[in-house]
Amino acid sequence: MSLENVLNNWSKYRRGAEEGGHHDYEHKWAMMINLDLCIGCNACSTACYAENNLAVVGKDRFEKGQAMHWLRIERYWDQAEQEFPEQGASFLPMMCQQCNSATCEPVCPVAATYHTPDGLNAQVYNRCIGSRYCSNNCPFRVRYFNFYSYYESSWPEPLNMQLNPDLTVRDKGVMEKCTFCVQRIRVAKDKAKMENRKVGDEDFKPACVQSCPTSAMVFGDYLDEGSQVRKLWDKYQVKMGPAKQDKQEPDMRGYRVFEGLNTDPSVLYLERVREKV
Amino acid sequence: MTGTINRRSFIKMMGWGGVGTALGGCDVPTTVTLEEGKEDVVSYLMPEEYVIPGVGVWYASTCTQCAAACGTQGRVREGRVLKMEGNPNSSVNSGKLCVMGQAGLQGHYNPDRIKEPMIRKNGSLSLVGWDQALATINDKLNAADGARVAWFTGTISGHQKVLLNALLESNGSSKHYVHEVVGNKVLQAVSRDMLGDAMPKYRFDKAKMILSFGADFLGSWMSSPVHFAGEYAKFRTNKPRGLLVAIEPKMTLTGGNADLWIPARPGTEAAIALAIANELINAHNKDAAILPESVRNLIGQHSAESVAKQTAVAADRIKRLAQLLNERSPSLVLAGAPVEGQTNGYAATAAIMLLNHLLGNIGQTIESPGAFAFAQLEATTGGTADLIAFTQNAKDKNLDVAFFYGTNPVYSAPDALKFGDALKNIGMKVAISQFMDETTAQADVILPAASYLEDWGTHVAAYHSEQPAISMQQPLMEKLYETTRGFGDVLLALLQNKNKDKYGQYADYYAYLRHAFSAMPASYKENPASEEHSWNAVLQKGVIKVQTTDESLSTSIAEIDTPTIPASDSAYPLTLVPSVRLGLWDGRHANLPWLQEAPDQIAKVVWDSWAEIHPSTAKKLGIEQGSIIKVSSKHGEVTLKAVLLKGLHPDVVAIPMGQGHTEYGRFAKGLGVNPLKILAPEQEQKTGELAMYATNVKITDTGKKDTVVKIGSTDTQMGRKLVGTVPVEQVRRTEGA
Amino acid sequence: MSIVNEKDINEQIAWAKINADVLRSMANPRRAYWISVAMCLAMIACAVTAEVYQYTEGMGYANLNNPHMWDMYIATFVFWIGMSHSGTLLSAILHIIHADWRKPIYRFAEAMTTFSLMTAGFFPIIHLGRMWNMYWVLPYVSDRGHWPNFRSPLVWDAFAISTYLSASMLFLFVGMIPDLAICRDNAKGWQKKLYSVLSLGWTGTDRQWRNFRKTYMLMACFLIPLAVSVHSIVSSDFAMSIMPGWHVTTFPPYFVAGALYSGCAAIITLFVLLRYYFRFEEYMTKAIMEKTCKLTFAIAMVWTYLNLVEFASVWYGHDIYSKELLIAKAVGPYAWVFWSMIFCGSVLPFTLAFQSLRRNMPVMFVVSLFLNVGMFFERWMIVAPTLSMSHNPHQWDIMWGSIIEWAIVFGSFGWFGLLFLVFVKVFPSVSMYEVKEMVYHRRRHVVNDEAAEKFHRRASDSKTGTDEPGLEGA
Amino acid sequence: MAVKSFKKMKLNMTAYINIALVLLIGGLLVPAWLLAGDVKPPSGDHNGKEVPQPIEFPHNIHVKDNGINCMYCHTYARRSKVAGIPPTSKCMGCHKTIATDKPRIQKLTEYWEKKESPQWKKVHDVPDFVHFTHEKHLKKFVFDRDFPVENVKEVCAFCHGELENMTVAKKVKPLTMGWCRRCHEANGGPGDCWKCHK
Amino acid sequence: MKRYSIMALFGDFDEAFEAIAEIRHAAIPGITTDDITLKSPIEHPEIEEVLGERPVHIQKFTLGGALFGLIFGFFFLASAQATFLVQPQGGKPVIPLPSNFVLVYEMLIFFGVWITFFSFLFLSGLFRKPHPLYSEKVSLDQIGVLLEVDEDKMQPLKELFNKHKAVEIREGVIHQ
């Protein structure tokens, strides 16, 4: 048994990240966010709260920087020097980038965060011992730690009736983060499996993607040539895997945040477009 | 979903560990396996085919978190509704949903809901049964002169409106006041007069350029945020990509997404618009013939240069805007709250809307929605004029009975109106409400309303999207509290008291709706043969698409009296902008934790209210980020934190609405301040709306300081590429945008 | 001049006296002793209270937040680990190179190693969110087919620290066996029983001595690479990450140097204390103090050098994040910590270069304390600023430890103190048999040298003798 | 709270002993692959305790004597993650007429008349952070390998024991992670943590 | 014939040295230095000049232990990593050598040290109950020379010891 296991694992996971560690995966969930369409309205963020049982921490703890928003919208002013931000604000929906060579994975002492055959950064809550190393090693700072037990404070009766039974309510001492709504993926895959087919674009969307009023977010399976997200990645000539992108049209929009750090994120952002008047 | 009996049995269907299933005992050592015989599991009594435990089912319904009437669908599992999403069938929001819609769940499951009817007996509220409560009301109604009975509601539409009108009629009363703080009544008035339709259809998807004078269509404008966000997406993804210019006192969400954002002091917009018109006529020889003489003269008085002096908006910039508008036709010029909220708001709005005529946008990007087939169901949109009128009536002791539903005037009325005192003159105040908000707290009879996720109903969007429709509302789960009732049921009960013979036949509002639906023309039924089938079909779709007879807009431009720029007051040098947060809205959502914790889109502050000040102004006053300041008008003052924000006109101080509740449950109570309280009771001359942007204030520093609770430590990206920005030319080259 | 060639120890000292003095130090504790024990217990009490509160309420009360997932606890952990290294330095390295002046002072240094490790071990556990699951870090056979993630530096820590702890404990114990035999021979009652067990029936036969010598040497040989590896592994907790200011190639040597540095400083502190408390003037002589100080000074310079190397490599490197962080360290909110670290770590040691100061015990005591404060700052400067100002500026944040954290850190010193206090009363804090050896060998040298000295003296006398008249004549 | 924490530590004592054992065995030169790999399958029987149910439902009569298929009552098993307790209406479907004189049935009828459902006690339960679906297991073990559906009880018995010989259900399999895992390894089930942990 | 055990205590190591040297040069027939056990408060490597080479075996055990740590360590880690139910690395090698080097290094030292310690316990003749002639002086400042001899050798030995200024001579009978 174990020997077989060795051989399987070896043949399956031999390939390194630089040659696209994800090639052997069943799926490679990926996202595309068009920052030109993102109006920063928070719909995605709140949808995430509703879907993923995110705790509301309250004013004091928010002040201490202990908020639990998996998907936060970062707002920047581009023109620091001008008196008025005449180009408006820049909004950046920042959630876990599900890096292929994630920096959070190797450092977890108990392998509570690891890479699934779907190419996701899994976070197994009940395995986590709360060393918080993963979060320290995350350049995007998108991992959130349960510093307290929120169940009573955040969901007083009967608010707790809203909790989504498809995923746990994390208790204190556990690290958590965006999972691309893995519970939805799970349901969709089960359904597809029962119908003996592969999961397609239309089967499900993560809560944020579903709710986005301007449809700025696109989600899908990168390995599925036909999927919308794959087409977009190809259109913007960004490949998953290689450290160095070779775009035929270098001016093409489309970049990944902190690409230089070579963590190979699965979220493609399209630059925000502004017209000089 | 057949009949109400099964609905009733929903509660019995709950189970499968109920709520417990969600709590993953992550705290206990994970070596545990659950011990047997600890958890209860309740089997169904009489299951329905479509209900499978462990499998979520989506039911269509309608969102009533604001007046937009977005179609929603809620995920129901084991008899609990868990998640709200947009209903793809609804052309209002086409499957999307905003923050407020998402958070509707927390209103439904809110721990601070009123569970039972209450009656105020010598000062203190006491729980009573429905029968007694209704009896008390009916006695009063029967006794009272119908003309002295008033209904005070928020925007209302659909069969609730029908029933309400019937009720008023049966009372012989015409006193129905519709109050919304966030509304565009002035713009509607202008459109009605100019175009012959209060709410024309704005075709963003056709427009090549949008010039918005404070019209925050991504936020509060026409209170249909999701719809316009979708339109905005079309507008941006057009080829060529649409150009958005926003001229407003405080950067709204729309301004934040504009290509060019120009700060303007409230009240100066009209002048700018006229200057642009002037340019269009003189520099780009647009045909001014369509305009009446006086208007042409008026435009003539506003040359770019002169206006530039008055408004500090550079002349060449005005010229440039005119040029762009000329180039990019068809375009769209919109006016919003800051323009309307002036004493001469009507004129100002008219001056702006007139640009659309000049640019020939009418019929191009501004179309007639057509006549709605069921006029009686159409929405009655609310404004602030009714608030003032009601207050006046109450002051004059013209009211014996007043019903309050879906609005919270005690909170939203400025102190100067003395609304509280006025209320005292009303013999009996009946509040139909889910929560103990400020108004309800003053009521004599309190009827606990069912949440919109527990209730039946029909709604019609005030602003008609491409496909006008009746949006169906159905319960997504069994009532949390058996003793609450839907608004429709209450109306029906009151009606049955008035004329039994007509309304006695309906067991409840649901029955009434079924009847109403069966009365609809056959064309609205999927299968005219089977009533049941078509009804279920409608419920499944969630919307009834309504045919409209298309009409064209008139382009009659009346006189426009000169929009004067308000004189600045040396004692009160700043203008107060009571801004709307997409989230807390006018304060009705302050009790939803998700929305409290969702940062303001621009200032990124949470859980609090604050005053936005431009750094230059703050410098003058020696104010820093987080210093506690006193913002005082002639009619009151509020004390709150200062937040320095560049997206602001220097002569303006912006305070977001929504906080400062004295009641309204644990999450809202005693948090922040309410800017509406210090508004001056100025009225727009023509429409009588409250001039909300015409209040002058001054700032005094208390010397205290506190940390501003917000996300985001830096305002700039520190030269690190988090959000990349590219010029449109580059995109044109690469993507042909 | 006479000072210069002062002896490390007076070789005429009688062996019986050595026994007597050291055994005296173990006997009847004085009032000062009990007071200090009470103080230590009080400090521990603070820590326990704080920890219980944090355990039940949640880590949040340690002022931790999204950017700052680590802070005081880890800094203190590194601090204590570092403290532990000097013992090895003195007992192992100096043993191998036959620097016999180590002999009177290495015992308490080695004890310090063990105890500071025992203190350090607490901190990774305290800082865990769910400490009741901490055993998951260790590789054990489980029904679930689970293993720790062997690629995580934290797991390396677990391995390294347990190895180091057990090894240094053994080393301490083995080195103590002959002394324990002495204790046994001089003890009565229950103590005799205790020491009979501990001394494992040591009777000083030539066979025992032979094996003993070999064992001790072998262990020393193991301990040196171990000590180096342990702290470079601790450094890799940071160096293995991609965070600016952590992802530094020179961290392993830098940490080791820092460790030896703080350790030596601690030795000086305890040196002074023991010398004063137990009247060990004859064994812990100023000459030995001087040597220790010189050693410390040398290490301080190494540490300074590595600091400069790091700064330079960051400054001239292309990693913009690290560079901005470095600037922020020097001028940002943490600047005062940074500069006091530089002062305590690189400027203050120059006091060790002056003989007069070196020989002044109170001064050395104070200086050594400041050196350690500097080293604590160093650890704080490693942990906190990086998290405060890492890649994503949106999440930047400044933080200082909370009262809870300070209480626990404070208590850790109490714990260390308690262990040490118990040690000095139960075990000989000066190695008797080795001091005897030292004395023995030096006496032999003196005997052999006497003839030579006589000769020299005669020569110089004759020289002066011849010169004098000439001078008078002039 | 202190008590709570103490409880936790105590619960882990077994694990500490476990660690000690490992270090010992490791020292005693047991081949490492033996440690890591072939763990013996568990003695499947977990001696669960009798759970008092509102109505002590006799599985044996229904399954063995009357040969009713498991999925006739637990009808959701092949459509959902949960197998489902049969709705009261289903019970009454037969028991309106059958065995109406039996005290249990009368009890049931009372419930039915009160329009209430009995508050059954859960017997087979997994921790809340575990995602287990009946439908997929049935698919794999029954439908995909064309296992005769009428014998489905044999498949159910994998995890639920032979209910045909019990009255009230009793937990006879440990349902621990290791127990699940070994079966997954043996039958090529997914080994991905997130397949089962939510 | 009776056997005695005799121990002479010397105040000075050189005296003891001389005494043993004399015995080594067969001053008394039938007594060789192999019978001698030297007891000293400190270590006297130089005694081997007269006492003769006496081997030490600990280092061999140490080597063994270290090697065991090395090999067992690596195989333990490797097999654990290879048979991990889920491979948590996402495209990186199943058995990552760099980290294993570190861990194996630690385990090498771990086992090395412990084996050394145990071998010391077993090889250096500890855990014996003290010899009847044992004197506390030995742990203080005197050198003891211990032999077991036949009755007839006693007299010459005592003389020899006294010649070398033995501070004290203890003797005891071993019954047979």
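None of these values were measured; they are calculated from a predicted model. Letters go in sequence order (proteins before strands), and every chain restarts at 1.
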Contact leader toward chain A among [options], where contacts are heavy-atom pairs under 4.5 Å:
options: C:His68, C:Met240, C:Met59, C:His391; answer: C:His391
options: C:Gly129, C:Pro148, C:Ala158, C:Ser390; answer: C:Gly129
options: C:Val155, C:Asp237, C:Ile74; answer: C:Asp237

Strictly distance-based, threshold 3.5 Å: is any side-chain N or O of C:Asp397 a donor or acceptor partner for the main-chain N or O of A:Gly65? no
Mark yes or no for whether A:Lys64, through its side chain, and C:Gly60, through its backbone, hold a donor-acceptor pair below 3.5 Å. yes
Do C:Leu387 and A:Asn136 touch side chain to side chain, with heavy atoms closer than 4.5 Å? yes
Parallel under 30°, tilted from 30 to 60°, perpendicular over 60°: which one fits the rings of A:Phe258 and C:Tyr321? perpendicular
Determine, using ring centers only, whether C:Tyr61 and A:Phe147 are less than 6.0 Å apart. no
Side chain, backbone, both or neither of [X] within contact of chain C (heavy atoms, under 4.5 Å):
X: A:Tyr133; result: both
X: A:Thr103; result: side chain
X: A:Met68; result: neither
X: A:Arg143; result: backbone
X: A:Ile129; result: both

Quick one, C:Asn149 with A:Glu105, criterion side-chain hydrogen bond (donor to acceptor under 3.5 Å, both in side chains). Give me CA distance, side-chain angles, the key distance, then yes/no. CA-CA 9 Å; C:Asn149 174 12; A:Glu105 284 167 7; over 6 Å; no
Which atoms of C:Ser236 come close to chain A, meaning under 4.5 Å heavy atom to heavy atom: side chain ones, backbone ones, both, or neither? backbone
